[in-house]
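We count residues from 1, following the sequence as given.
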Amino acid sequence: MECIDEAAVSENRWYVAHTKSRAEKKLQQYCVREGLEVSLPCVTSVRKYQSKTARFDLPLFPGYLFVRVNPLHKTVVAQSSHCARLLEVPDQHAFVRQLADIEAAVSSELEVCLAPQIVDGVRVVIKSGPLRGIEGVVEKRTGIVDVLLRLDFIGQAAVVRIHVSELEAL
């Protein structure tokens with residue numbers, strides 16, 4: 001007979017919802033209506049047309065929505081028509097820290113974009129500016145440095161462009 005830890009089950013946990021194609025915002029709206037905590041880091045894309053300029057908020061990580069829910073109620077998300085599958089996050093502490101770093105970068109005035117892949121490099125900590133204290137990995141070293149803010153669980157990263165003088169090696 002399996003023993004269930006009631007305290008552990010009663011705590012909300014973060015899950016990664018792998019969404020159907022272009023359904024991140026629809027799943028976000030659904031989860032909000034259901035009273036769930038969600039995170040969908042978005043970046044602004046500007047497109048210029050002949051006579052006007054259009055601004056779009058696009059998900060930084062296409063195909064993913066981050067949802068915090070009680071494990072007993074995760075089927076509410078998984079059964080949505082917008083969710084392809086719901087992935088459990090084994091290391092909640094690392095995930096929370098990395099997601100907070102990405103959310104801080106997105107809400108700053110710095111340029112943030114999706115890094116196509118995570119590569120090895122020098123780990124740094126940002127020592128000044130709005131992202132002070134955030135750790136990342138240097139992708140490219142010139143006057144302006146591309147720092148990767150990793151979200152290891154989904155194997156992706158965001159890139160923030162910061163002047164090298166604002167970084168300190170760990």
query: Pairs in or reaching into residues 100-110: which pass side-chain hydrogen bond (donor to acceptor under 3.5 Å, both in side chains), with residues at least two apart or in two chains?
result: S39-E103
query: Closest heavy-atom contact between C113 and L60?
result: C-CD1, 3.7 Å
query: Quick check: does any side chain N or O of D91 sit under 3.5 Å from a backbone N or O of A94, one acting as donor and the other as acceptor?
result: yes
query: When rounded to the nearest 0.5 angstrom, what is the spacing between CG in L27 and OG in S80?
result: 5.0 Å
message: Would you compute the distance between atom CD1 of I102 and atom CG of L151 and round it to the nearest 0.5 angstrom?
response: 4.5 Å
task: Output the distance between atom CG (L86) and atom CG (L65), rounded to the nearest 0.5 Å.
output: 9.5 Å
task: Take T44 and F56 through the test side chain to side chain contact (heavy atoms under 4.5 Å, CB included) and record every step on the way to the result.
output: CA-CA 5 Å; T44 301; F56 304 96; over 6 Å; no
field: Counterpart residues, side-chain hydrogen bond (donor to acceptor under 3.5 Å, both in side chains), relative to E88 (two or more places apart)
entry: K74
- line: Sequence neighbours excluded, the answer for side chain to side chain contact (heavy atoms under 4.5 Å, CB included) partners of T53 is V46, K48
message: So, taking the atom named CZ in R47 and the one named OG in S45, what distance separates them when rounded to the nearest 0.5 Å?
response: 4.0 Å
message: Could you check whether any side-chain heavy atom of P90 comes within less than 4.5 Å of a side-chain heavy atom of F153, counting everything from C-beta outward?
response: yes
Under 3.5 Å: donor-acceptor pair, side chain of K25, backbone of L40: no
task: Give a yes-or-no answer on whether the side chains of N70 and E11 include a donor-acceptor pair shorter than 3.5 Å.
output: no
- prompt: Between V106 and V96, is there a shared hydrophobic cluster once you connect ILVMFWY residues whose side-chain heavy atoms come closer than 4.5 Å?
  reply: yes
Side-chain donor/acceptor of E24 to backbone N/O of G63, under 3.5 Å: yes
message: Between N12 and V69, is there a side-chain heavy-atom distance shorter than 4.5 Å?
response: no
- prompt: Would you say the side chain of Y30 lies within less than 4.5 Å of the side chain of Q28, judging by non-hydrogen atoms?
  reply: no
query: How far does CD1 of I154 sit from CD of Q156, to the nearest 0.5 angstrom?
result: 4.5 Å
message: Test of understanding: with side chain to side chain contact (heavy atoms under 4.5 Å, CB included), list the residues that count as partners of A84, not counting sequence neighbours.
response: K20
message: Is any side-chain heavy atom of V16 closer than 4.5 Å to one of V89?
response: yes
message: Would a single hydrophobic cluster contain both V38 and V76, if residues Ile, Leu, Val, Met, Phe, Trp and Tyr are joined by side-chain heavy-atom contacts under 4.5 Å?
response: yes
- prompt: Are Y15 and V32 connected in a single hydrophobic cluster, I mean Ile/Leu/Val/Met/Phe/Trp/Tyr linked by side-chain heavy atoms less than 4.5 Å apart?
  reply: yes
field: salt bridge (charged side-chain N to carboxylate O under 4.0 Å, His left out) contacts touching residues 30-46 (sequence neighbours left out)
entry: E37-R68
- prompt: For L131, which of V160, V112, V147 qualifies under side chain to side chain contact (heavy atoms under 4.5 Å, CB included)?
  reply: V160
query: Given L149 and I134, is the side chain to side chain contact (heavy atoms under 4.5 Å, CB included) satisfied, shown in steps?
result: CA-CA 8 Å; L149 302 177; I134 291 179; 3.5 Å; yes
message: Is there a side chain to side chain contact (heavy atoms under 4.5 Å, CB included) between V77 and C31? Walk through the geometry before answering.
response: CA-CA 7 Å; V77 180; C31 289; 4.1 Å; yes
message: Quick test of your reading: applying ring-ring contact (aromatic ring centres under 6.0 Å, His included), list the pairs with at least one residue in residues 58-83, sequence neighbours left out, ordered by first then second residue.
response: H18-Y64, F66-F95
